K.L.:
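Dropping the structure in here first, questions after.
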Amino acid sequence: MRFFFIISILFAFLLDCGSRFEKISPFSIPPQEFDLGNGVKAVFLPTELSFITSKGRILEFSVQDPFLSSAKGEQIVNYRKATFKIKDKILLECGSQTIESLGLESGALILKGKLTGKNCETSYSIRFVSSSNSGLDWKVEISNPELNRTFIKFKSDERESIYGLGEQFSHLNLKGKKPFLFSEEQGVGRGDQPITWGAELLEGAGGNEYSTYTPIPFFLTSRNRAFFFENSSYSVFDFEEDSEIAIEFRERGLNVKSWKAANPKEILKQYTSHTGRFPNLPDWAYGTWLGIQGGKSVVLEKIEEAKQAGNPISALWIQDWVGQRKTVFGSQLWWKWFPDETRYPDFKNFVKELNQKNIQVLGYINPMLATEGPLFEDAVKNNYLVKDKEGKDYIVQTAGFPAGLLDLTNPKTRTWIKNIIKQNLIGNGLSGWMADFGEWLPTDAVLFSKESAEIYHNRYPVEWARLNREAIQEAGKEGQIVFFTRAGYSYSNKYSTSFWAGDQMVSWGRHDGIVSSLIGILSGGMSGLSLNHSDIGGYTTIPSPIKDYFRSKELFLRWSELNVFTPVFRTHEGNRPGKNHQPYSDPDTIKEFARYGQMHLALKEYFKFLNKEASESGLPVLRPLYLSYPEDNSTRDLQNQFLLGEDLLVIPVLEKGEDTVKGYLPKGEWEHVWTGKTFQGGVWIETSAPIGSPAIFLKKKGIWYEKLKSALSTFKKN
């Protein structure tokens, strides 16, 4: 049955893949220039409508071809465990455009006209307003309420590189790509084979190169311009054509903020000034976060073992504080959101005793409830769950058991779950938690607010983060507690206290392994997600008759090396802990992992500096080289190496069996940490990088050069 559904989607796509922009009618508007204030002007010519700020050109529409169209569509959605197969059936289409008037009204430039097609007609207007000397806000309004699709395009060129759109796990530079934005499970494999084929065949859950937990409709380009769409529906950003950018939102109208700046850092500062920035992490957050499960005696034993080896454990992350169950997917939790006193007797005192040893305790929660237990019964009784079209509680099938999803549009639901967080998590002494999921809202759900679930879907994970942050603030614990989210959308950077990159495979895969975790963090950083990290070693562990995906010792150590240079250094046992190499698997690993923990802690003052910078400017802690060296064309497509701040460059080993790496050093002098050798920048290099000695370089004239050299030199292997 699933095969025929996929074929029908493909067939419909082939029928619908023609241009949404049919023709534009001749117009009689003379060439003219408009002053929008703040040094921003619009220039209308027979060929083009362009907008120029004091920083330069920001936006151009060709008026020789249609640049706006609208349609009525209907989504056909196949939903399975937060994997969405979505086909859009177009019922009416207004693909022909006229421009009827253009003029200033109260300081705004208003463009008006009509869109027409077979059995389709609407008037439209676009309002352009100067928001600053480098900003342009524009709003597209479609008058016909029957239309629920908006398509727009504007000029680009083949040299324009494009970055952002949230966490994109396969591509950093999106030029030539066509991503869709819809928060969902990222999929298993995402194109890496043979696992993607198997996951798709068995569960329809393989994902693809654009599936992501955290899409964000913001992008910046090498023309030092950026666009942020204040819309939340399913969208498609088409960067495939050299000469244009085409964008689709499945709702009526658009609300856009755009910026022009001297460089990409300035753009990120302006964007995050509008959307929000992450707070500073508490002081304890820079040690090792040891992720263990198994109950009190097990976790205490593992903590002591790690500490004896010298690992600076500052946090114990026990996601099984609520209990653990076994499912076909492996080790899962009881989603009941209060302590399992059998597994962790006298839980509150257990947390207190660890706190007295300077170890914080972190837990786990998500916006769902398993269909059993007192909290689920309370939620059902009080109508706190989202409903289906028949008015019944919408029960979804998770990876092993059914669950209900909290309706975050209901103020009473929000108050109820916040009280649970304040009482059962904060009240028991937890210093943080994984605020998991957020991408599971079905598009046909019925919400308390009566809003369309199709439109609200992408906003759900943002509201989940906002709710967690409000609970912390209401408890008077702002700045002391950290929760980390994986799903998000616009404004997630305003509410989350940290992100993690989700559930990568325990593999070397480009699309869903260690490589993808780095790309996701870098692209997220170019979208305002300045504080991010990944599960050390990955999460998704799958036995297969074709190929087993179990975490090897080499992969664990290489991933640990990589995460030394992320703000949070946290392990995860994975969904099948017994099949994975763990930080406690053998004496050699315990010793080496302790060394990595010490190395991470040695960078504490640098991380704190970068965290403060992120909270004040929105700049990411981990940075693609393009962000700092945009004038260097060699940096535009670099996605397998990164800068930590400005003064530390990392070229990680991301391939199995390799002990050398190739990478690029930008302009300036760069000193290899372990050999002391100095390289002149602007060159590609190959250098040795055996396990335990990652390829890291210091910027010799950087302000942190001496402190970083002193901090890292003690970790040189003989």
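Owing to the predicted nature of the structure, the values given are computational and were not obtained by experimental measurement.
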K.L.:
State whether the number of non-hydrogen atoms from other residues, nucleotides or ligands found under 6.0 Å of K700 atom NZ is greater than 12.
P.N.:
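Yes, enclosed.
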K.L.:
Please determine which of F350, Y344, F347 meets the ring-ring contact (aromatic ring centres under 6.0 Å, His included) test together with W321.
P.N.:
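Of F350, Y344, F347, ring-ring contact (aromatic ring centres under 6.0 Å, His included) with W321 is met by F347 alone.
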K.L.:
Using every non-hydrogen atom in the two residues, find where N424 and W337 come nearest and quote the distance to one decimal.
P.N.:
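Heavy atoms only, the tightest pair is ND2-O, 2.8 Å.
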K.L.:
Under the criterion side-chain contact (heavy atoms from CB on, under 4.5 Å), I'd like the reasoning laid out for K699 against L649: C-alpha separation, chi angles, the key distance, then a yes or no.
P.N.:
CA-CA 8 Å; K699 190 174 184 179; L649 188 151; over 6 Å; no
K.L.:
With a 4.0 Å cut-off on N to O distance, would you call R558 and E554 a salt bridge?
P.N.:
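So R558 does not pair with E554 through a salt bridge.
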K.L.:
Looking at V482, is its backbone amide N or carbonyl O close enough to the side chain of T497 to form a donor-acceptor pair, meaning the two atoms are under 3.5 Å apart?
P.N.:
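No, T497 side chain to V482 backbone: no donor-acceptor pair under 3.5 Å.
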K.L.:
Could you tell me which non-hydrogen atom of A711 sits nearest to which non-hydrogen atom of A602, and how far apart they are?
P.N.:
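Heavy atoms only, the tightest pair is CB-O, 3.6 Å.
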K.L.:
Is the side chain of R570 donor-acceptor paired with the backbone N or O of W317 at a distance under 3.5 Å, no angle test?
P.N.:
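It does not hold such a pair.
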K.L.:
Taking atom NZ as the centre, does K553 end up with more than 12 heavy-atom neighbours from other residues, nucleotides or ligands that are less than 6.0 angstrom away?
P.N.:
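More than 12 within 6.0 Å, yes.
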K.L.:
For a side-chain hydrogen bond (donor to acceptor under 3.5 Å, both in side chains) check, start with the C-alpha distance between R190 and S170, then their side-chain angles and the critical distance, and finish with the verdict.
P.N.:
CA-CA 9 Å; R190 300 182 69 257; S170 296; 3.0 Å; yes
K.L.:
Begin with the C-alpha distance, continue with both residues' side-chain angles, and end with the deciding distance and a verdict on side-chain hydrogen bond (donor to acceptor under 3.5 Å, both in side chains) for N611 and Y286.
P.N.:
CA-CA 11 Å; N611 189 177; Y286 298 98; 3.1 Å; yes
K.L.:
Can you tell me how far the OH atom of Y606 sits from the CG atom of D647, to the nearest 0.5 Å?
P.N.:
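Y606 atom OH to D647 atom CG measures 4.5 Å (nearest 0.5 Å).
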K.L.:
Which value, rounded to the nearest 0.5 Å, describes the distance between W508 atom CH2 and E655 atom CD?
P.N.:
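So the gap between those two atoms works out to 9.0 Å.
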K.L.:
Taking it one step at a time, do K422 and E470 satisfy salt bridge (charged side-chain N to carboxylate O under 4.0 Å, His left out)?
P.N.:
CA-CA 10 Å; K422 286 185 282 187; E470 287 174 353; over 6 Å; no
K.L.:
Please work out whether the ring planes of H533 and W289 are parallel, tilted or perpendicular, with thresholds of 30° and 60°.
P.N.:
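Correct class here is perpendicular.
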K.L.:
To the nearest 0.5 angstrom, please state how far the CG atom of L430 sits from the CG atom of L362.
P.N.:
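So the gap between those two atoms works out to 7.5 Å.
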K.L.:
For the pair Q319 and D436, evaluate side-chain hydrogen bond (donor to acceptor under 3.5 Å, both in side chains) and give the outcome as yes or no after the intermediate values.
P.N.:
CA-CA 11 Å; Q319 60 174 353; D436 204 0; over 6 Å; no
K.L.:
Here's one to test your reading of the geometry: is the NZ or CZ of R325 within 45 degrees of the ring axis of F401 and under 6.0 Å from its centre?
P.N.:
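That pair qualifies as a cation-pi contact.
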K.L.:
Give the minimum heavy-atom separation between A594 and N311, together with the two atoms involved.
P.N.:
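Reported closest heavy-atom pair: CA-ND2, 3.4 Å.
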K.L.:
Under a 3.5 Å distance rule, please check whether N532 uses its side chain to pair with a backbone N or O of I521 as donor and acceptor.
P.N.:
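The answer is no, because no donor-acceptor pair under 3.5 Å joins these two groups.
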K.L.:
Can you classify the ring geometry of W704 versus F609 as parallel (below 30°), tilted (30 to 60°) or perpendicular (above 60°)?
P.N.:
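Rings of W704 and F609: tilted, as their planes differ by 30° to 60°.
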K.L.:
When you look at CD of Q193, are more than 12 heavy atoms from neighbouring residues, nucleotides or ligands closer to it than 6.0 Å?
P.N.:
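Above 12, so yes.
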K.L.:
Can you confirm whether K81 is buried at NZ, in the sense that more than 12 heavy atoms of other residues, nucleotides or ligands lie under 6.0 Å from that atom?
P.N.:
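Correct, the count exceeds 12.
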K.L.:
Measure the spacing between CD1 of I696 and CG of L712 and express it to the nearest 0.5 Å.
P.N.:
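One finds 5.0 Å between CD1 of I696 and CG of L712.
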K.L.:
Show the nearest heavy-atom pair for residues S507 and L555, with the distance to one decimal.
P.N.:
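Closest heavy-atom pair between S507 and L555: N-CD2, 3.4 Å.
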K.L.:
Atom NZ of residue position K579 - does it have more than 12 heavy atoms of other residues, nucleotides or ligands inside 6.0 Å?
P.N.:
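For K579, atom NZ is not crowded (no more than 12 foreign heavy atoms under 6.0 Å).
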K.L.:
With sequence neighbours excluded, what pairs up with P624 under the side-chain contact (heavy atoms from CB on, under 4.5 Å) test?
P.N.:
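side-chain contact (heavy atoms from CB on, under 4.5 Å) check on P624 returns L172, L522, M526, L627.
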K.L.:
Shortest non-hydrogen contact from L354 to L316?
P.N.:
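Where L354 meets L316 most closely, the heavy atoms are CD1-CD2, 3.7 Å.
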K.L.:
Please check: side-chain N/O of S183 versus main-chain N/O of A487, any donor-acceptor pairing under 3.5 Å?
P.N.:
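Pair absent, no side-chain N/O of S183 close to backbone of A487.
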K.L.:
I need the F169 CZ to D512 CG distance, nearest 0.5 Å.
P.N.:
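Those atoms lie 8.5 Å apart.
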K.L.:
Hey, do the aromatic rings of F437 and W335 have their centres closer than 6.0 Å?
P.N.:
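So the answer is yes for these two rings.
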K.L.:
With side-chain hydrogen bond (donor to acceptor under 3.5 Å, both in side chains) as the test, would you mind laying out the steps for W559 and S534 before giving the verdict?
P.N.:
CA-CA 9 Å; W559 212 314; S534 65; 3.0 Å; yes
K.L.:
Could you walk me through whether E646 and R623 pass the salt bridge (charged side-chain N to carboxylate O under 4.0 Å, His left out) check?
P.N.:
CA-CA 8 Å; E646 293 298 302; R623 302 170 186 175; 2.7 Å; yes
K.L.:
Nearest heavy-atom pair of K307 and I313: which atoms, and what distance?
P.N.:
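Here K307 and I313 meet closest at CG-CG1, 4.0 Å.
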K.L.:
Please enumerate all residues that pass ring-ring contact (aromatic ring centres under 6.0 Å, His included) together with Y213, with sequence neighbours excluded.
P.N.:
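Here no residue qualifies.
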K.L.:
If you count every heavy atom of other residues, nucleotides or ligands that lies below 6.0 Å from K717 atom NZ, does the total exceed 12?
P.N.:
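Enclosed.
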K.L.:
In the structure I gave you, are the side-chain heavy atoms of F338 and L375 within less than 4.5 Å of one another anywhere?
P.N.:
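Sidechains of L375 and F338: in contact.
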K.L.:
May I ask you to decide if H511's main-chain N or O and D192's side chain share a donor-acceptor pair within less than 3.5 Å?
P.N.:
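Such a contact is found between D192 side chain and H511 backbone.
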K.L.:
Quick one: do R486 and E439 satisfy salt bridge (charged side-chain N to carboxylate O under 4.0 Å, His left out)? Show the steps, please.
P.N.:
CA-CA 9 Å; R486 75 173 189 184; E439 59 285 280; 3.1 Å; yes
K.L.:
Once you round to the nearest 0.5 Å, how far does CG of L290 lie from CD1 of I318?
P.N.:
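These two atoms lie 11.0 Å from each other.
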K.L.:
Please tell me whether Y596 and F569 form a close aromatic pair, meaning their ring centres lie under 6.0 Å apart.
P.N.:
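Centroid distance Y596-F569: not below 6.0 Å, so no.
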